[in-house]
Each structure stands twice: as C-alpha cells, then as structure tokens.
There are 2 protein chains.
Amino acid sequence: MKDRIDLFLLDDHKIVRDGLRSILSPYPSLKIVGEESHAKKFLSALPELKFDILILDLSLPDLSGMEVLKEVKRLRPEISVIVLSMHNNPEYMIRALKAGAAAYHSKDIQSTVLVESIHEVKKHGVYYPTAISLNSPSLPQDPVQKGEVLTQKERDVLKLMVIGMSSKQIAAEYGLSPRTIETHRLNIMKKLGTSNSAETIAVAIRENLL
Amino acid sequence: MKDRIDLFLLDDHKIVRDGLRSILSPYPSLKIVGEESHAKKFLSALPELKFDILILDLSLPDLSGMEVLKEVKRLRPEISVIVLSMHNNPEYMIRALKAGAAAYHSKDIQSTVLVESIHEVKKHGVYYPTAISLNSPSLPQDPVQKGEVLTQKERDVLKLMVIGMSSKQIAAEYGLSPRTIETHRLNIMKKLGTSNSAETIAVAIRENLL
DNA sequence: CGCTCTTTCAGTAAAACTACTTAGTCGATG
DNA sequence: CATCGACTAAGTAGTTTTACTGAAAGAGCG
C-alpha cells in the first residue's frame, strides 16, 4: 500500500493554490499532483487524472463547487473530496457532507488541521471535526446530526457488533430476544443515519462511539 | 547503568512524531535517537538500531502495528514497546499487552503520563496504568495472522462498503455483477478472518487497510 | 399523575449477506 | 508455455439483516 497521498487542487485563485502548496510542502507524504482553476476543464480531464483526494473550493467561476462535488462522487466515488469554503455556514457544510464531501473546512483553517484532515480522510474516508458546531442552534433536524447520543444498551450492542457477532449471538450473550437486538441495531442506524452495519461500524469508530 | 533512555518513534504521522519530540524535549534523560514512518523500513533496519524503547503507533500504512509489535518482540525481546493508539478500546489494549507491549496509551494521553510511563517501563519493564478488565468477554484468540494483503479491487470494494453501499450498489458503480462483488467480499472476509461486514470494517479501519 | 425515554418483543416481508464450489479470462512470471 | 494470482461470474442454499409497524413494562421527571 502506498504511503503517499496524491492531491489535486481545484480553486480559481492562484493565491490559494500556491498557499496550499506551501502549507503542504513540508509534508513528504502529501503530494500535489495537479491543479486546475476551471471546473469544466477539470471535469473533462477527470477520467485521466490519478489522485486520491481533491481539495475543492466551493466558489468557482464557471460551475458551482457543489456540482463539481456531485459529479466527482458520481464518476469517481473512490476519490475523497475535501471542501474549502469561504463560508462558515453550517448549512453549506451539511449539504457538502451529504453530497459526499469527506471534509469541510473554512479557508482560514489552521494548516495543521488541514494536514491532519487529509490523513484522516485517507485513512477513514472522512474527517468530521467533532468541534465543528453540529450542535449549533441554526441546524435543523437532520440525519447528519450525529449529536444524538446512543443509549447504554445501544453502545453495548455496538461493541459486540464490532467483534462480528450476529444479532442472534448478541441476544444469547445478554439473554434477550434476537428481535430486541435487531430493534437496537435499527435504532442505532437511525440515529447515526447509516444504512447497514458496515457503515454503522465505520461511523461508530470514526465518531468514537465505542 | 546508563541514565539516558533512548527512544525510537514509529508513526506514520509526522505531526505525531513532531508532537512527541516537543513533548519529550524538556526531559534531558529522554532522547529520541530515531524515527521512522514505514513499518517495513523500520523492521529491516531493526538489527542495526540501538535504542531502549520503541514508541509505536498501532495504525500504520504498510503493516499493522500489531505485526510490528510481534516482530520486534521476536527479534529484539529486550526492547520495550510502548503502544500508542487511536482507539480506547480495551480489546486492542489487551491484544497489545498480550503481544508483549510494555504500555498502551491512547493518543490523547497527557504528556506527563507518557513521560512517567517511559520511566516506569525502563525501570520495571511494564506500565499498567489502570485496572484493566481482563475478564472482558470473549476475546477472539488471535486470528490476526493476516499477513495477507488485500488486492486493489478488494480495497475498492471495502471503501464503498465503508460508506454503506450494498453489493448491488457497488456492482452498479463499477459496472460489474453483484456476484462478483460478493466474491470480493467473501475473499476479504477470508483474508481478514472476519465473519461479517461489520467486523470486516472494524478490522479494516483498525488495520489501516483503507 | 401524565409524559417521555428506554428497553423489551413480535409480525411480516423483502433484501442482502454468507458459505462453498466451480470456472473462464487475462496478465505476469519463470 | 505452464503456472499463478487477480478478476470475473454464477449455482445453490441457508442465514441474517433491513424496513415498517405496533406495543407493553419500567424508570425518571415535573
């Protein structure tokens, strides 16, 4: 497995691109393998491009960053997209994350945080800074809102799921009905907004819910 | 007996290594005599290296930290290994301690605790901070003999599994038959020794296979 | 007490996964 | 050229999960 992370920059401001280069230059494992200022050019070249993570400015001249994001995730789902934005608006953030962004940063991000998030994204596919105000008041009820906390029982079930136990086995472990465990599972998925146990475990580990 | 303690850092994150350097720099008796980001490079260099304690990140890009740990204890049993981990899960801790780790810390450890544990390890060979529930239920008896590495396609499938896609969806994404994806899935589970997708994702994240 | 939340369990049905086996193609290796 | 591993695909069969709904007992709370 290669240890290098190949990055592609898409941002209309050369200043930003150069800034990113200098920020990332001290990190040998991070390599900027290309950059582009026009979204359409980028998208048409996308099939030929080889990189791991796209660093994407949300505000672009010719296409909206959101459209680029969706297009990238449609064509090359294996590519992770880290979104940079002028806006701190959680509304944008949620939309970006829903559209498949692996991370969302405002442009005044600390460089170390950016670097960390790149590694995190490479490792786990996503980077959700816990601090980022998911509990901010303006947020509507949203599946992305993982601020909901699991109950004790749900965490118990999760812990046994992680080591590969089926509902039936977990039920036996606790002396409960398998149907009960299944209910817990479904409730966990509902709370985390996940659609199966694989994703659930991924989110649980990422969010440190174990 | 020399009063200096020679440390070697093995961690893929330069940030972590740099952080450790700055944490440990105020202590004249602690000397970092080397660092490495790649497990394989480290292991091949190991016979020439002289140090007392290895500070080891459990999640490494090319080899799992557990494998490194076992290898170090096999080749150089006199070296103490202090494990750093992202995970607070006692299961990992127990596995690490069973494999010969002298101490186990999560990465958000207090620096003073780390320093203390280094001295403790040097003096007594081990550092067991808290009461560890060794009676924790059903530790799988170390099926971790997975020197086998996943293929590119298998990793691709894994990555989409992590974001909650079913075999059918993954197949559609790649233009393949669902049966093919299922085959990949089963091969992954076979290689990792897991019994369902939840456990598979857990191991994959833990072992840094994504 | 009424209210909410947690925990418990079940019916029903569809969808997905797991297990084990066989097998063809293709590219690389020796 | 033969072999091997990776990738593809499918047969068959059993198991598990997911989805949606309903519901009852118990704990905690104002």
Side-chain angles (χ1 to χ4, degrees), chain A residues 1-2 50 76-78 135 141 143 145-205 209-210, chain B residues 62 137-138 140 143 145-205 209-210:
Chain A
M1 178 179 181
K2 80 170 180 213
K50 282 198 194 315
R76 301 278 298 276
E78 81 280 7
N135 47 2
Q141 267 27 1
Q145 175 133 15
K146 308 194 174 66
E148 277 186 277
V149 189
L150 301 183
T151 67
Q152 185 54 49
K153 207 73 195 179
E154 285 163 353
R155 273 196 298 277
D156 290 343
V157 170
L158 211 44
K159 281 176 191 165
L160 297 191
M161 282 174 66
V162 169
I163 60 172
M165 292 175 77
S166 70
S167 294
K168 200 190 288 183
Q169 289 173 314
I170 297 172
E173 195 68 34
Y174 287 125
L176 297 173
S177 159
R179 306 303 306 272
T180 303
I181 306 302
E182 280 169 22
T183 301
H184 287 315
R185 278 175 102 111
L186 294 174
N187 287 336
I188 292 169
M189 290 193 288
K190 214 167 185 178
K191 285 185 179 178
L192 299 188
T194 54
S195 55
N196 57 39
S197 52
E199 189 185 9
T200 302
I201 295 304
V203 171
I205 292 176
L209 300 177
L210 302 174
Chain B
D62 43 356
S138 68
Q145 21 110 18
K146 43 131 229 48
E148 280 185 280
V149 189
L150 301 184
T151 68
Q152 183 56 47
K153 206 72 195 179
E154 285 163 353
R155 273 193 300 274
D156 290 342
V157 170
L158 211 45
K159 282 174 190 165
L160 297 191
M161 283 173 67
V162 169
I163 60 173
M165 292 175 76
S166 69
S167 293
K168 197 191 287 184
Q169 289 174 313
I170 296 172
E173 202 62 42
Y174 287 127
L176 297 173
S177 160
R179 305 306 304 275
T180 304
I181 306 301
E182 280 173 19
T183 301
H184 287 315
R185 259 180 195 268
L186 294 173
N187 288 334
I188 292 168
M189 289 193 290
K190 212 168 185 179
K191 285 184 179 177
L192 299 188
T194 53
S195 56
N196 57 36
S197 53
E199 190 185 9
T200 302
I201 295 304
V203 171
I205 291 176
L209 300 176
L210 301 176

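Scope of the values below: all heavy atoms of this structure, side chains included, with no hydrogens, waters or symmetry mates. In what follows, every chain begins at residue 1, and chains take the letters A, B, ... in the order their sequences are listed.
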For C:dA10, does either OP1 or OP2 sit under 4.0 Å from a side-chain N or O belonging to A:T180?
->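 Answer is no, no contact under 4.0 Å.
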Using a cut-off of strictly less than 4.0 Å, decide whether B:K168 has a side-chain nitrogen or oxygen near OP1 or OP2 of C:dA16.
->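 Yes, within the criterion.
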[X] [atom1] to [Y] [atom2] distance, which is reported to the nearest 0.5 Å:
X      : Y      : atom1 : atom2 : value
B:H184 : B:M161 : NE2   : CE    : 12.5 Å
B:N196 : B:M189 : CG    : CE    : 7.5 Å
A:L158 : A:I188 : CG    : CD1   : 5.0 Å
A:T200 : A:K191 : OG1   : NZ    : 13.0 Å
A:E182 : A:R179 : CD    : CZ    : 5.5 Å
A:I181 : A:L186 : CD1   : CG    : 11.5 Å

Take atom [atom1] of [X] and atom [atom2] of [N], then tell me their distance rounded to the nearest Å.
X      : N      : atom1 : atom2 : value
A:E182 : C:dA13 : CD    : C1'   : 13 Å
A:Y174 : C:dT6  : OH    : P     : 17 Å
B:Q169 : C:dC17 : CD    : P     : 8 Å
B:R179 : C:dT21 : CZ    : C1'   : 11 Å
A:H184 : C:dC9  : NE2   : P     : 8 Å
A:L186 : C:dA10 : CG    : P     : 15 Å
B:L192 : C:dT18 : CG    : P     : 12 Å
A:Q152 : C:dT8  : CD    : P     : 11 Å

Have a look at B:S167 and say if it touches a base, only the backbone sugar-phosphate, or nothing, with a 4.0 Å heavy-atom cut-off.
->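 Contact class for B:S167: sugar-phosphate only.
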Contact class for B:T183 vs. all strands (heavy atom < 4.0 Å): base, sugar-phosphate, or nothing?
->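 Here B:T183 touches the bases of the nucleic acid.
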Minimal heavy-atom distance between B:T151 and B:E154, with the atoms involved, is N-OE1, 2.8 Å
Nucleotide range of DNA chain D contacted by chain B, 5' to 3', under 4.0 Å to a heavy atom?
->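 Both ends considered, the range comes out as D:dA6 to D:dT12.
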Tabulate below the donor-acceptor pairs under 3.5 Å that side-chain atoms of residues 163-176 of chain B make, not counting sequence neighbours, or state none.
| residue | atom | partner | partner atom | Å |
| --- | --- | --- | --- | --- |
| B:S166 | OG | B:K168 | N | 3.4 |
| B:S166 | OG | B:Q169 | N | 3.2 |
| B:S167 | OG | B:R185 | NE | 2.7 |
| B:Q169 | OE1 | B:S166 | N | 2.9 |

Using five pairs at either end of the helix from C:dC1-D:dG30 to C:dG30-D:dC1, determine the angle between the two local helix axes and round it to 10 degrees.
->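 The end-segment axes of the helix from C:dC1-D:dG30 to C:dG30-D:dC1 are tilted 50° relative to each other.
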Is the shortest heavy-atom distance from the side chain of B:K153 to the side chain of B:T183 under 4.5 Å?
-> no
Name the residue closer to the 5' end of DNA chain D, choosing between A:N196 and B:N187 according to the nucleotide with the nearest heavy atom.
->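 Its nearest nucleotide lies further toward 5', so the answer is B:N187.
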